Amino acid sequence: MPAEVTERIIAVLSRVPAGKAASYGTIAAYAGMPTGARQVVRVLHVYAESLGLPWHRVLRKNGAIALPPGGGFELQKALLQAEGIEVSRSGRVDLSRFGWSG
DNA sequence: GCCATGGCTAGTA
DNA sequence: GCCATGGCTAGTA
């Protein structure tokens, strides 16, 4: 039985639409935990696959892909681009253009 | 003690 | 590069 925080994070994650992305901190803030960015990381680790959460739409605060090359970077980049989000070669997204706001 | 963060500081170029 | 964050798991007692 997951903690309420976990369930709120799951709920927020499932609302991020295709074509938009949000930072770990933004997701946490919407879930009521402004300093809980790492909780978002944990939830994605545990539930992203089984619940089909849009893990690829979560980025660092500066819009960068957090995953390392060879560790999911390429896949995340491809998934973002496939839904119309522009990603620079280095894996950066302009959140002022593609950022999700509630 | 872990973590796909994030904010801040110190140290380099 | 350090360290607070915060829920969770592994590993010990």
Side-chain angles (χ1 to χ4, degrees):
Chain A
M1 169 176 165
E4 272 185 43
V5 166
T6 297
E7 300 197 331
R8 288 203 301 271
I9 290 173
I10 290 170
V12 174
L13 283 169
S14 55
R15 288 206 291 278
V16 182
K20 294 289 180 184
S23 72
Y24 295 87
T26 297
I27 300 292
Y30 277 120
M33 271 203 319
T35 62
R38 307 197 68 147
Q39 289 5 276
V40 178
V41 172
R42 178 181 52 78
V43 168
L44 289 176
H45 268 295
V46 177
Y47 295 107
E49 189 172 1
S50 59
L51 299 183
L53 298 174
W55 60 271
H56 60 286
R57 306 207 259 252
V58 188
L59 303 165
R60 292 196 177 192
K61 193 174 192 180
N62 61 8
I65 289 176
L67 294 171
F73 176 95
E74 293 83 358
L75 176 60
Q76 184 167 10
K77 186 176 175 185
L79 290 171
L80 290 169
Q81 289 173 330
E83 47 190 57
I85 295 179
E86 285 176 32
V87 188
S88 75
R89 184 189 224 95
S90 66
R92 264 310 247 300
V93 169
D94 182 355
L95 287 178
S96 70
R97 294 180 59 200
F98 299 102
W100 175 64
S101 45

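Worth saying up front: this structure is predicted, and the values here are computed from it rather than measured. Proteins get letters first, then strands, A, B, ... in listed order; numbering begins at 1 in each.
Regarding contacts with the backbone of B:dT5, every side-chain N or O of A:K61 stays at 4.0 angstrom or more from both OP1 and OP2. Contact annotation: A:S23 does not reach the phosphate of B:dT5 (side-chain N/O to OP1 or OP2, under 4.0 Å). Within the structure, every side-chain polar atom (N or O) of A:R38 is placed at least 4.0 Å from both OP1 and OP2 of C:dG6.
Rounded to whole Å, atom C1' of B:dG1 lies 15 Å from atom CZ of A:R42. A:L75 places its CG atom 16 Å from the P atom of B:dA4, with the value rounded to the nearest Å. For A:N62 and B:dG7, the CG to P distance is 10 Å, given to the nearest whole Å. Straight-line distance from the OH atom of A:Y24 to the C1' atom of C:dT5: 16 Å, rounded to whole Å. At whole-Å resolution of the value, CD in A:E4 and C1' in C:dC8 are 17 Å apart. At whole-Å resolution of the value, CD in A:E49 and C1' in B:dA4 are 15 Å apart. The interatomic distance linking A:R57 (CZ) with B:dA4 (C1') rounds to 17 Å, in whole Å. Whole-Å rounding puts the A:M33 CE to B:dG6 P distance at 13 Å.
In this entry C:dC3 has B:dG6 as its Watson-Crick or G-U wobble partner, both defining distances falling under 3.5 Å. Pairing for C:dG11 is absent, judged as Watson-Crick or G-U wobble with the two contacts each under 3.5 Å.
Residue A:H45 has its side chain nearest to B:dA4 when only C:dT5, B:dA4, B:dG6 are considered. Minimum atom distance to the side chain of A:V41 is reached by B:dA4, of the listed C:dC8, B:dA4, B:dG6. Minimum atom distance to the side chain of A:T35 is reached by C:dG6, of the listed C:dG7, B:dA4, C:dG6. Side chain of A:Q39, nearest nucleotide from C:dC8, B:dA4, C:dG6: C:dG6. Comparing B:dT5, B:dG6, C:dG7 by their nearest atom to the side chain of A:A66 picks out B:dT5.
Between the side chain of A:Y30 and the main chain of A:G102, a donor-acceptor pair closer than 3.5 Å is present.
Residues A:L13 and A:Y47 have side chains not in contact (no heavy-atom distance under 4.5 Å, counting atoms from C-beta outward). Proximity of A:W55 to A:L75: side-chain heavy atoms (C-beta onward) are separated by under 4.5 Å at one or more points. Side-chain contact between A:V40 and A:M33 is absent, with no heavy atoms from C-beta onward closer than 4.5 Å. Under the 4.5 Å side-chain criterion, counting only non-hydrogen atoms from C-beta, A:K77 is not in contact with A:E74.
Across all strands shown, A:G25 has heavy atoms under 4.0 Å from sugar-phosphate atoms exclusively, and none from any base.
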